Amino acid sequence: MSDPVFDIFIVGGGINGCGIARDAAGRGFSVCLAEMNDLASGTSSASTKLIHGGLRYLEHYEFRLVRESLKEREVLWAMAPHIIWPLRFVLPHHKGLRPAWLLRLGLFLYDHIGGRKRLPPTATRNLRKDPLGAVLKSGHAKAFEYSDCWVDDARLVVLTARDAADRGAEIHTRTRLTSAHREGDHWEITTVNDAGQTRTARARMLVNAAGPWVSEVLSGLIGGNESHDVRLVKGSHIVVRRLYDDPRCFFFQNADGRIFFSIPYQGDFTLIGTTDQDFDGDPASVDISPAEIDYLLEAANQYFSDPIDKDDISWTYSGVRPLYNDGASKAQEATRDYVLKHTGGKGTPALLNVFGGKLTTYRRLAESALEHIESALGRRKPRWTAHSSLPGGGFAVDGFEAEVEGLRAQYPFLAARDAERLTRAYGTLACAILGDARTPQDLGPDFGCGLTGAEVRHLVEREWARSAQDILWRRSKLGLYGERIDGPALAAFVRDMVDAPNP
């Protein structure tokens with residue numbers, strides 16, 4: 001960024017910023033994106049990991065949001081079948097809470113308002129006969145089983161950024177915006193990276209997609225006055241030992257009117273969450289509270305026959321959702337819809353502020369953002385992302401097993417679990433990482449759990465990883481395996497790569 005002129009400068013490397021960068025670059029705009037930390041280091045890696053319509057949003061009459069989200073499930077699944085795949089959710093009927101007829105009505109709408117094609121419809125289950133019922137306390141007889149999709153949220157962000165870069169966008173991580181002001185028909189922008197290097201750039205339009213920091217960027221660095229439009233809501237999750245072998249998830253009702261999920265996670269664990277509470281601290285230092293841990297454990301223990309306690313927790317994570325402030329009285333009732341606010345134009349460089357949004361609707365949010373961008377900068381190329389693929393996702397939605405088998409046939413030394421993990425993370429690009437290897441030793445150092453030097457090199461060179469934490473907790477979740485990973489050796493290997501002079 002040596003004082004170039006871009007069409008669009010984007011602040012924020014979460015899912016919305018990267019989604020807008022990808023769509024805009026694919027339409028022929030010159031794009032630069034700056035993220036102050038690692039990609040997906042904030043809200044976008046702290047989700048419940050679902051591509052879903054949001055069944056509970058029907059209770060708040062958010063029919064447009066639910067319909068758009070439901071339509072997006074199969075679009076995104078087709079875009080990235082390696083990191084997105086279908087799940088079945090079991091919703092037990094709980095006497096004294098929502099009546100069975102109301103649950104069935106909501107699921108009828110869920111099945112029919114979003115254009116479901118491939119995903120199977122809702123079914124009724126007898127928990128006294130269904131094997132999954134055995135893990136629950138007695139008294140739960142009837143349940144409804146419905147479809148949604150899982151996503152590796154941090155990888156969704158990184159692959160979206162990778163595709164944006166492949167289409168010409170500049171992606172700068174660990175680069176903080178320090179000032180932005182209008183100068184004639186463009187923005188004068190200054191950034192500083194973690195090495196202390198200050199750079200300047202100019203852009204015809206500025207997009208503020210800073211997530212929980214959207215108001216800080218707007219009021220502190222740009223000079224706007226719309227900080228009241230964002231409501232910060234904290235959500236926390238716990239990850240415990242695997243509670244059951246069935247691949248299905250639970251959607252539980254809690255006595256306080258809220259809901260929570262129990263989801264098989266990374267093969268050996270179960271993910272439980274989420275909480276919802278207003279947050280007024282620093283989003284960079286968000287963490288789960290003891291009260292949230294107690295809340296999630298108590299809620300889960302209302303259902304599971306085998307008790308769960310704090311000793312069973314392997315990991316916790318928290319994130320701050322930057323929701324649009326619609327005046328809802330409770331954090332869980334605040335809208336998850338997105339709102340875009342556009343100022344400038346007609347000779348004044350334009351500013352677009354992004355409020356709210358969720359993983360499932362990021363592609364549609366980007367299309368809406370491009371409408372604002374095109375109104376300011378003119379149209380270049382038509383919409384294109386609905387029928388595209390993310391890197392590694394160029395195979396059929398039912399072709400994952402065949403991809404794994406093909407990878408093992410080409411690299412017979414790979415353990416089955418390692419082949420599946422690599423295919424899940426990289427799809428058709430797994431072969432590019434393994435290259436001409438014929439033995440495990442050809443892949444370089446083994447850091448444990450199948451993570452090798454060849455994979456780490458790919459993550460540093462192609463996916464902006466700059467630390468062991470980037471790799472263990474965002475590019476993968478191998479950090480869950482603790483001492484089975486040689487953390488010091490991995491950190492040294494990454495440091496040597498990052499510090500090596502460019503050829």
Side-chain angles (χ1 to χ4, degrees), residues 14-15 37-50 52 56 150-154 157 211-213 230-243 249-266 268-304 306-323 330-334 336 358-359 467-470 472-483 485 487:
I15 189 58
N37 297 308
D38 183 28
L39 296 172
S41 56
T43 307
S44 294
S45 61
S47 75
T48 312
K49 326 296 182 190
L50 298 179
H52 66 140
R56 68 187 178 94
W150 168 265
V151 63
D152 186 327
D153 51 6
V157 176
W213 294 270
V230 65
R231 179 176 185 172
L232 299 182
V233 174
K234 176 186 175 185
S236 297
H237 299 74
I238 59 175
V239 176
V240 302
R241 58 178 173 77
R242 185 172 60 187
L243 299 180
C249 314
F250 281 112
F251 179 112
F252 289 131
Q253 303 176 79
N254 203 16
D256 61 2
R258 298 201 61 251
I259 60 90
F260 67 100
F261 294 98
S262 170
I263 303 172
Y265 188 60
Q266 301 294 320
D268 298 315
F269 305 93
T270 299
L271 172 66
I272 299 173
T274 180
T275 61
D276 265 316
Q277 57 183 231
D278 287 310
F279 182 80
D280 60 2
D282 180 2
S285 58
V286 63
D287 201 2
I288 194 169
S289 68
E292 287 178 296
I293 291 175
D294 290 342
Y295 174 86
L296 291 173
L297 288 174
E298 182 180 352
N301 285 327
Q302 291 293 316
Y303 283 91
F304 288 114
D306 291 336
I308 311 166
D309 60 33
K310 293 178 182 178
D311 291 338
D312 295 313
I313 298 175
S314 301
W315 181 48
T316 68
Y317 67 91
S318 301
V320 177
R321 306 179 187 98
L323 305 182
K330 297 180 181 179
Q332 63 264 31
E333 295 175 0
R336 268 54 177 175
K358 57 200 288 279
L359 281 175
S467 72
Q469 292 295 306
D470 295 348
L472 295 178
W473 294 108
R474 283 180 289 278
R475 306 309 182 279
S476 76
K477 291 297 183 287
L478 293 175
L480 285 165
Y481 293 96
E483 294 181 356
I485 297 289

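It should be emphasised that the depicted structure is a prediction, and the values quoted were computed from it without experimental measurement.
- Between Tyr265 and Trp150, the distance from one ring center to the other falls under 6.0 angstrom.
- In this structure, Ser318 contributes its side chain and Ile288 its backbone to a donor-acceptor pair below 3.5 Å.
- Taking a cutoff of 4.0 Å between a charged side-chain nitrogen and a carboxylate oxygen, Lys310 and Asp294 qualify as a salt bridge.
- No side-chain donor-acceptor contact under 3.5 Å links Thr270 to the backbone of Val240.
- For Ser47, the side chain to side chain donor-acceptor pair (under 3.5 Å) criterion is met by Asp153, not counting sequence neighbours.
- By the side chain to side chain donor-acceptor pair (under 3.5 Å) test, Gln253 pairs with Arg98, sequence neighbours left out.
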Test side chain to side chain contact (heavy atoms under 4.5 Å, CB included) applied to Lys234 and Val286, step by step: CA-CA 8 Å; Lys234 176 186 175 185; Val286 63; 3.9 Å; yes
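- Not counting sequence neighbours, the partners of Thr48 by the side-chain contact (heavy atoms from CB on, under 4.5 Å) test are Leu50, His237, Phe261, Ile263, Thr274.
- Ion pair Asp276/Arg321 flagged as a salt bridge, since at least one NZ, NE, NH1 or NH2 atom sits closer than 4.0 Å to an Asp/Glu carboxylate oxygen.
- When all heavy atoms of Gly319 and Ala46 are compared, the pair lying nearest together is CA-CB, 3.5 Å.
- A donor and an acceptor atom, one from each side chain of Asp287 and Tyr317, are nowhere located under 3.5 Å apart.
- Between Arg242 atom CZ and Leu271 atom CG the span is 15.0 Å, to the nearest 0.5 Å.
- Interatomic distance, CD1 of Ile238 versus CD1 of Ile313, reported as 4.5 Å (0.5 Å rounding).
- Side-chain atoms of Glu298 do not come within 3.5 Å of backbone N or O of Tyr295 as any donor-acceptor pair.
- Closest approach of Ser45 to Ala154, counting heavy atoms only: CB-CB, 4.0 Å.
- Using a 4.0 Å cut-off between charged nitrogen and carboxylate oxygen, Lys49 and Asp152 do not count as a salt-bridge pair.
- Shown here for Pro307 and Asn301, the closest heavy-atom pair between the two residues is CA-OD1, 3.4 Å.
- Here CG of Asp38 is found 6.5 Å from OG of Ser467. Values are rounded to the nearest 0.5 Å.
- Separation of atoms CH2 (Trp473) and OG (Ser41) is listed at 15.5 Å; rounding is to 0.5 Å.
- Remark: Asp282 pairs with Trp213, Ala284, Ser285 by the side-chain contact (heavy atoms from CB on, under 4.5 Å) rule, at least two apart or across chains.
- Among residues two or more places apart in sequence or in another chain, the side chain to side chain donor-acceptor pair (under 3.5 Å) test is passed with Thr316 by none.
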Audit row: Leu359, Val151, side chain to side chain contact (heavy atoms under 4.5 Å, CB included) steps and yes/no: CA-CA 9 Å; Leu359 281 175; Val151 63; 4.1 Å; yes
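- By the 30° and 60° cut-offs, the orientation of the rings of Phe252 relative to Phe260 is tilted.
- The pair Asp278-Arg231 meets the salt-bridge criterion, since a charged nitrogen lies less than 4.0 angstrom from a carboxylate oxygen.
- Every residue two or more places apart in sequence or in another chain was checked for a side chain to side chain donor-acceptor pair (under 3.5 Å) with Ser262, and none qualifies.
- Counting only heavy atoms from C-beta outward, the side chains of Asp280 and Leu232 never approach each other to under 4.5 Å.
- At a threshold of 4.5 Å between non-hydrogen side-chain atoms, the residues Ile272 and Ile308 count as touching.
- Ser236 and Thr275 get closest at one heavy-atom pair: N-OG1, 2.9 Å.
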